[in-house]
Asker: 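This structure is in structure tokens; I'll ask about it shortly.
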Amino acid sequence: VTPLEADRVRNLYELRAVLDGLATANAAQRSAEAARDEGPAVIARGRAAVRSRSIARMIAADMEFHFLLYRLSGNPLIAEVSGPHWSYLRRVMGEVLMRGSTPDDIWNEHEAILDEVKAGRASAAEKLARAHIAGASDVLTSRMAKTPAVAAETPSSRKRAVRRVR
């Protein structure tokens with residue numbers, strides 16, 4: 001498993017900010033009604049995942065939220081272009097959840113983004129989406145800089161470390 005590298009994380013999140021911003025703006029312009037219909041259930045599942053304290057469930061819910069926006073954007077290329085990066089992003093998201101913003105904050109941001117999409121406010125939705133991604137990047141890369149072990153730590157190395165402690 002490739003270690004998380006701060007430069008790669010930063011670069012990937014720059015790309016994500018653009019793609020998620022575009023997806024969110026398009027979703028607000030093209031699919032506000034569908035966002036009103038489908039979005040609240042996705043938010044509810046995300047908050048339930050937070051209450052479960054399961055990192056795997058939180059990551060799955062986070063991905064569901066972002067892929068909802070991709071789908072609602074009406075541009076299938078956004079998900080297609082993003083797809084190859086999601087295995088690495090899942091690892092990064094795990095680090096953000098364990099070391100960065102609190103999961104409740106993340107879902108508050110998701111809900112604010114969704115509110116703008118549901119209202120059809122493309123510019124505001126895009127701005128919030130880009131800020132959401134930039135904030136996650138800043139938190140993680142600054143923690144990686146302060147704690148070099150984060151860059152080398154992987155989920156499997158954490159499992160091995162836990163087994164050694166037991």
Side-chain angles (χ1 to χ4, degrees), residues 1-5 8-28 30-32 34-118 125-141 143-144 150 153-156 158-159:
V1 175
T2 305
L4 295 178
E5 299 169 359
R8 180 173 167 89
V9 169
R10 189 176 307 102
N11 292 336
L12 195 51
Y13 269 67
E14 284 178 2
L15 179 62
R16 265 196 79 196
V18 171
L19 292 173
D20 281 35
L22 175 63
T24 303
N26 284 357
R30 300 173 180 171
S31 302
R36 287 189 293 275
D37 292 343
E38 300 175 47
V42 173
I43 298 294
R45 285 191 291 277
R47 293 197 185 280
V50 170
R51 286 191 301 277
S52 78
R53 304 181 89 190
S54 163
I55 297 293
R57 281 187 63 197
M58 285 186 265
I59 291 170
D62 194 279
M63 289 179 63
E64 180 184 15
F65 174 78
H66 290 281
F67 275 89
L68 171 69
L69 295 174
Y70 297 168
R71 184 173 53 76
L72 294 179
S73 79
N75 182 342
L77 294 179
I78 295 172
E80 188 177 320
V81 168
S82 299
H85 305 289
W86 275 95
S87 62
Y88 193 82
L89 283 170
R90 281 192 295 271
R91 290 183 49 223
V92 172
M93 291 164 87
E95 293 296 334
V96 169
L97 288 166
M98 289 185 293
R99 303 173 192 278
S101 303
T102 67
D104 286 324
D105 291 342
I106 292 167
W107 282 94
N108 291 339
E109 291 175 13
H110 285 172
E111 190 163 24
I113 293 164
L114 182 64
D115 286 345
E116 297 300 331
V117 171
K118 292 186 313 186
E126 179 177 5
K127 183 177 179 180
L128 287 176
R130 285 176 176 255
H132 169 69
I133 300 300
S137 175
D138 290 347
V139 165
L140 185 57
T141 56
R143 291 192 186 230
M144 290 172 80
V150 172
E153 189 174 320
T154 65
S156 56
R158 274 193 299 280
K159 287 178 187 172

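In this text, all values refer to a predicted model and were calculated from it rather than measured experimentally. Only heavy atoms go into these numbers, but all of them, side chains included; no hydrogens, no water, no symmetry mates.
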Asker: Any idea which heavy atoms bring Arg47 and Asn108 closest together, and the distance?
Answerer: NH2-OD1, 2.9 Å
Asker: Show me the pairs that pass salt bridge (charged side-chain N to carboxylate O under 4.0 Å, His left out) and involve residues 60-69, at least two apart or across chains.
Answerer: Arg45-Glu64
Asker: With a cut-off of 3.5 Å and sequence neighbours excluded, list every side-chain donor-acceptor pair involving residues 50-58.
Answerer:
from  : atom 1 : to    : atom 2 : distance (Å)
Ser52 : OG     : Ala49 : O      : 2.6
Ser52 : OG     : Ser54 : N      : 3.2
Ser54 : OG     : Arg57 : N      : 3.1

Asker: Rounded to the nearest 0.5 Å, what separation is found between the CG atom of Leu128 and the CD1 atom of Ile133?
Answerer: 11.5 Å
Asker: Could you grab the distance from atom CZ of Arg130 to atom CG of Leu19, nearest 0.5 Å is fine?
Answerer: 9.0 Å
Asker: How long is the span from the CD1 atom in Ile59 to the CZ atom in Arg90, to the nearest 0.5 Å?
Answerer: 8.5 Å
Asker: Do the side chains of Glu14 and Arg10 get close enough for a salt bridge, i.e. N-O under 4.0 angstrom?
Answerer: no
Asker: Output the distance between atom CG (Leu69) and atom NE2 (His66), rounded to the nearest 0.5 Å.
Answerer: 7.0 Å
Asker: Starting from the C-alpha separation in whole Å, work towards a yes-or-no answer on side chain to side chain contact (heavy atoms under 4.5 Å, CB included) for Glu126 and Asn26.
Answerer: CA-CA 9 Å; Glu126 179 177 5; Asn26 284 357; over 6 Å; no
Asker: Check the angle between the aromatic planes of Trp86 and Phe67 and answer parallel, tilted or perpendicular using the 30° and 60° thresholds.
Answerer: tilted
Asker: Looking at every non-hydrogen atom in both residues, tell me the closest pair between Pro40 and Ala35 and how far apart they are.
Answerer: CD-O, 3.6 Å
Asker: Identify the heavy atoms of Met93 and Tyr13 that sit nearest to each other, and give their distance.
Answerer: CG-OH, 4.0 Å
Asker: To the nearest 0.5 angstrom, please state how far the NZ atom of Lys118 sits from the OG atom of Ser31.
Answerer: 14.5 Å
Asker: Determine the minimum heavy-atom distance between Ala28 and Ala125, stating which atoms define it.
Answerer: CB-CB, 4.4 Å
Asker: What is the distance from atom OG of Ser137 to atom CG of Leu12, rounded to the nearest 0.5 Å?
Answerer: 9.0 Å
Asker: Restricting to side chain to side chain contact (heavy atoms under 4.5 Å, CB included), what partner residues turn up for Ala23, sequence neighbours left out?
Answerer: Tyr70, Ser73, Ile78
Asker: Flag the pair His132 / Ile106 as yes when at least one side-chain heavy-atom distance between them is below 4.5 Å, and no otherwise.
Answerer: yes
Asker: How far apart are the closest heavy atoms of Arg30 and Asn75, and which atoms are they?
Answerer: NH1-N, 4.0 Å
Asker: Would you mind checking if Glu116 and Lys127 are paired as a salt bridge, meaning a charged N to carboxylate O distance below 4.0 Å?
Answerer: no
